[in-house]
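To start, the structure itself, in structure tokens.
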Amino acid sequence: MDIPKFHPDSRALVKQYLTPAIYKQLSPLETPSGFTLKAAIQSGLKNPDSHIGIYAGDALSYSVFSRILDPIIHAYHAVGKTFEHSPDLDQTGLDQPSLAPLDPGKDFILSCRVRVARNLSEFCFPCHIHSRDRARVASLVFDAVKKLPQELAGSYLSFNDLSPSQMQDHLTRKQAFPKGDRFQDAAGINRDFPDARGIFASQDNNFMIWVNEEDHLRIISMEASADLSGVFNRLCRGLGHLSTQLEFAFDKRYGFLTSCPTNIGSAMRAGVHIRLRKLEKNKGILEKLTAQYQLQIRGTGGEKTSVEKGIFDISNKQRLGIPESLIIQNLHAGLAAIIEAEKSL
Ligand code: ARG
């Protein structure tokens with residue numbers, strides 16, 4: 001039983017940790033829904049530039065394949081051997097009234113966005129879900145959003161109802177999400193796209209739910225302001241309501257269970273788009289600050305895009321073993337320090 005051959009240049013975590021002994025032990029196994037190690041590592045095998053290279057096909061993948069997933073989780077999330085995740089989300093969000101205004105002059109922060117990933121415990125995850133269940137997920141979300149309170153109420157757009165040109169138009173206006181990238185494609189996440197995919201959006205577009213993208217739900221709160229705690233608190237209110245309707249896959253150790261092991265724990269990415277004209281030319285200072293506050297820098301086009309015109313996407317790196325409100329507070333402290341540095345240059 002030879003380990004499948006990863007590309008010689010691949011530095012994916014899955015390649016680093018999949019020893020012959022682990023491969024031998026795990027390759028004959030299946031989760032009760034029939035997900036295998038072979039399916040889990042397809043994306044890493046087909047994409048030599050993968051950083052991680054493995055996806056979970058269902059909640060039980062995390063226990064059945066823990067011998068490969070645990071070392072990857074330790075390495076990526078920089079947690080000790082005995083990690084656990086206790087979420088501290090409730091409907092009120094942050095218990096202190098709010099965080100100090102970050103950018104009262106509106107000089108730097110263009111927008112704030114907080115998202116969490118969730119999967120319904122009853123169904124396989126997107127790379128392994130049956131088309132019938134994918135439609136079931138969409139219909140459960142469709143029913144759940146009807147019960148949102150007035151403040152968050154809105155409408156659900158099913159991509160099935162869009163012609164290709166309408167879809168293009170919605171993509172341009174960011175009212176739809178595109179078919180996943182080649183990493184998701186190799187994992188099987190794009191199967192049948194755009195079938196059973198859709199977006200719920202509140203009337204003011206500040207609260208959204210992406211349905212059947214990389215995870216069953218990506219719940220997003222955002223707005224064009226620097227009000228990080230306001231955005232977070234709205235997410236908490238929305239999540240609180242949804243949790244009474246939907247049962248999310250959760251584990252005491254791993255937290256909320258997601259397709260990609262990078263997202264487990266809080267499954268939360270909180271970030272801002274921020275214009276830093278001076279730090280753009282002093283990247284060393286910015287990188288030192290982001291490392292100190294455990295933040296990551298991306299381009300504003302999303303994952304694996306580069307920074308353009310001095311506008312950075314800065315978000316939390318830690319997700320597992322840290323309560324959600326602390327993620328927000330750390331991000332807030334880091335952004336305050338970054339803005340200070342930008343002003344002083
Ligand atoms: N599977 C890709 C890789 O290994 C992406 C990992 C993180 N991103 C994500 N959207 N889950 O590089």
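Order of appearance sets the numbers: ligands from 1, and atoms from 1 within every ligand.
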**Asked** Is it true that F142 and Y156 have ring centroids separated by less than 6.0 Å?
**Response** yes
**Request:** State whether the shortest distance between N or O atoms of S43 and N or O atoms of ligand 1 falls below 3.5 angstrom.
**Result:** no
**Request:** Can you pull out the closest protein heavy atom to atom 7 (C) of ligand 1? Residue, atom name and distance to 0.1 Å, please.
**Result:** E303 OE2, 3.3 Å
**Contact summary for K278 and E342, nearest pair of heavy atoms** = N-OE2, 2.9 Å
**Message:** Are the side chains of L37 and F65 in contact, using a 4.5 Å heavy-atom criterion?
**Reply:** yes
**Asked** Does NZ or CZ of R253 come closer than 6.0 Å to the centre of the six-membered ring of F83, within 45° of the ring's axis?
**Response** yes
**Asked** Strictly under 4.0 Å, does any heavy atom of G53 approach an atom of ligand 1?
**Response** yes
**Prompt:** When you measure from atom 3 (C) of ligand 1 to every protein heavy atom, which one gives the shortest distance, and what is it?
**Reply:** H51 N, 3.4 Å
**Request:** Kindly determine whether E223 and R234 satisfy salt bridge (charged side-chain N to carboxylate O under 4.0 Å, His left out), including the steps that lead there.
**Result:** CA-CA 11 Å; E223 66 185 52; R234 176 167 57 236; 3.0 Å; yes
**Message:** Determine whether the aromatic ring centres of residues Y55 and H128 are separated by less than 6.0 angstrom.
**Reply:** no
**Message:** I want to know if ligand 1 touches Y55 in the polar sense, i.e. an N/O pair below 3.5 angstrom.
**Reply:** yes
**Atom indices of ligand 1, in the order listed, that fall short of 4.0 Å to a heavy atom of T262** = 7 (C), 11 (N)
**Asked** Is the closest N or O pair between E214 and ligand 1 shorter than 3.5 Å?
**Response** yes
**Message:** Can you tell me which portion of C260 lies within the under-4.0 Å heavy-atom range of ligand 1? Options are side chain, backbone, both, or neither.
**Reply:** side chain
**Request:** Give yes if a backbone or side-chain nitrogen or oxygen of I52 is under 3.5 Å from a nitrogen or oxygen of ligand 1, and no if not.
**Result:** yes
**Complete:** Minimal heavy-atom distance between R134 and R191, with the atoms involved, is NH2-O, 3.2 Å
